[in-house]
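Atom set for the values below is all heavy atoms of this structure, side chains included, hydrogens, waters and symmetry mates excluded.
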Amino acid sequence: MRKIIQFMHVSLDGFVADPNGGLDWISYDKDLENHADNVIQNKIDVAIYGRVTYQLMESYWPTVPSNPSSSEHDLNHAHWVEHVSKIVVSRSLETAEWNNTTLIRDNILEEISSLKKQPGKDMMIFGSPRLSYILMQLGLIDEIQITLNPVLLGNGIPMYKDIEDKRKLKLLSSKTFDSGVVALHYQCL
């Protein structure tokens, strides 16, 4: 069965975005680029987003190929994200027009459970904290990959909230980068 892996950048005090949704605090450098590439390379064939993250990605990544200042890394990721299958979970969106995108509006448990049973590589939730709350509550997240950034935000959007039942995790790997970022990979038990 395919796994759902959550990939999230998080501050040391547990926030995934500042109070305005900003991400300028992430220590994104070549090491983190390489780590993110290794996380998805040849392992992921479905990207899962909540509405907010989906709309941010849809408005940004298709513009990268025509931007002369785009890095090789950004160009490669833009190509990947353009062609990968994408799922957006939203009750408010009427349609999802980005290439290879399927919209799930209702029956999240049934729809995502069905996707997990289909053949293919693993699926990854990128960002999308509100969707991650829901999928964790439904027991659909199999692994968590976070990059713990050496910053305290004090306030913002928490990685998780309203978790009703304790979930034990098993550390699968950890790596510390020169920037002070720590990559952690957990299995949900």
Is any side-chain heavy atom of [X] closer than 4.5 Å to a side-chain heavy atom of [Y]?
X: Phe7; Y: Val39; value: yes
X: Ile48; Y: Met124; value: no
X: His35; Y: Thr147; value: yes

With rounding to the nearest 0.5 Å, note down the distance linking [atom1] in [X] to [atom2] in [Y].
X: Asn34; Y: Gln41; atom1: CG; atom2: CD; result: 10.0 Å
X: Thr102; Y: Ile87; atom1: OG1; atom2: CD1; result: 4.5 Å
X: Thr101; Y: Met57; atom1: OG1; atom2: CE; result: 12.5 Å
X: Ser114; Y: Asn107; atom1: OG; atom2: CG; result: 11.0 Å

Single-linkage hydrophobic cluster, 4.5 Å side-chain cutoff, [X] and [Y] together:
X: Leu103; Y: Trp61; answer: yes
X: Ile146; Y: Ile157; answer: yes
X: Leu135; Y: Ile44; answer: no
X: Ile40; Y: Tyr49; answer: yes
X: Met8; Y: Met123; answer: yes

Identify the heavy atoms of [X] and [Y] that sit nearest to each other, and give their distance.
X: Gln145; Y: Ile5; value: CG-CG2, 3.8 Å
X: Leu148; Y: Ser11; value: CD1-O, 3.5 Å
X: His83; Y: Asn99; value: CA-ND2, 4.5 Å
X: Asp106; Y: Glu111; value: O-CG, 3.6 Å
X: Tyr54; Y: Glu97; value: OH-N, 3.6 Å

Qualifying residues under side-chain contact (heavy atoms from CB on, under 4.5 Å), relative to [X], sequence neighbours excluded:
X: Pro62; value: Glu82, Trp98
X: Leu152; value: Leu12, Asp13
X: Asn100; value: Lys86
X: Leu138; value: Ile108, Leu109, Ile134, Leu140

Contacts under 3.5 angstrom, residues 16-24 side chains, donor-acceptor by atom type, not counting sequence neighbours:
residue, atom, partner, partner atom, Å
Asp18, OD1, Asn20, N, 2.8
Asp18, OD1, Gly21, N, 3.0
Asp18, OD1, Gly22, N, 2.7

Under the rule for ring-ring contact (aromatic ring centres under 6.0 Å, His included), what residues qualify as partners of [X], not counting sequence neighbours?
X: Trp25; answer: none
X: Phe15; answer: none
X: His73; answer: none

- [ ] Report the C-alpha distance between Ile125 and Ile4 in whole Å, list the side-chain angles of each, state the deciding distance to 0.1 Å, and finish with yes or no for side chain to side chain contact (heavy atoms under 4.5 Å, CB included).
- [x] CA-CA 7 Å; Ile125 306 165; Ile4 293 183; 3.7 Å; yes

TODO: Go through the steps to decide whether Ile144 and Met159 satisfy the test side chain to side chain contact (heavy atoms under 4.5 Å, CB included), and finish with yes or no.
DONE: CA-CA 11 Å; Ile144 301 168; Met159 182 167 169; 3.7 Å; yes

Open item on the list: Starting from Leu56 and following side-chain heavy-atom contacts under 4.5 Å between hydrophobic residues (I, L, V, M, F, W, Y), which residues can be reached?
Closed with: Val52

Under 3.5 Å, is there a donor-acceptor pair between the side chain of [X] and the main chain of [Y]?
X: Asn67; Y: Thr63; result: no
X: Asp29; Y: Leu32; result: yes
X: Ser90; Y: Ser92; result: yes

Task: Within residues 42-55 or reaching into it, pairs that qualify as salt bridge (Lys or Arg N to Asp or Glu O under 4.0 Å) - sequence neighbours excluded - done: Arg2-Asp45

Open item on the list: Can you confirm whether Glu72 is buried at CD, in the sense that more than 12 heavy atoms of other residues, nucleotides or ligands lie under 6.0 Å from that atom?
Closed with: no

Open item on the list: Angle between ring planes, Phe126 versus Trp80, binned at 30° and 60°: parallel, tilted or perpendicular?
Closed with: perpendicular

- [ ] Could you note down all residue pairs passing side chain to side chain donor-acceptor pair (under 3.5 Å) where residues 116-144 supplies at least one of them, sequence neighbours left out?
- [x] Lys3-Glu143, Gln6-Ser132, Thr53-Ser128, Lys116-Asp142, Glu143-His185

With a 3.5 Å cut-off and sequence neighbours excluded, list the donor-acceptor pairs that the side chains of residues 161-182 form with protein atoms.
residue, atom, partner, partner atom, Å
Ser179, OG, Val181, N, 3.4

TODO: Report the C-alpha separation of Val46 and Val84 in whole Å, then their side-chain angles, then the decisive distance to 0.1 Å, and conclude whether the side chain to side chain contact (heavy atoms under 4.5 Å, CB included) test is met.
DONE: CA-CA 6 Å; Val46 175; Val84 74; 5.6 Å; no

Open item on the list: Applying side chain to side chain contact (heavy atoms under 4.5 Å, CB included) to Gln55 and Leu93, what does each step give before you reach the verdict?
Closed with: CA-CA 10 Å; Gln55 289 177 319; Leu93 282 179; 3.5 Å; yes

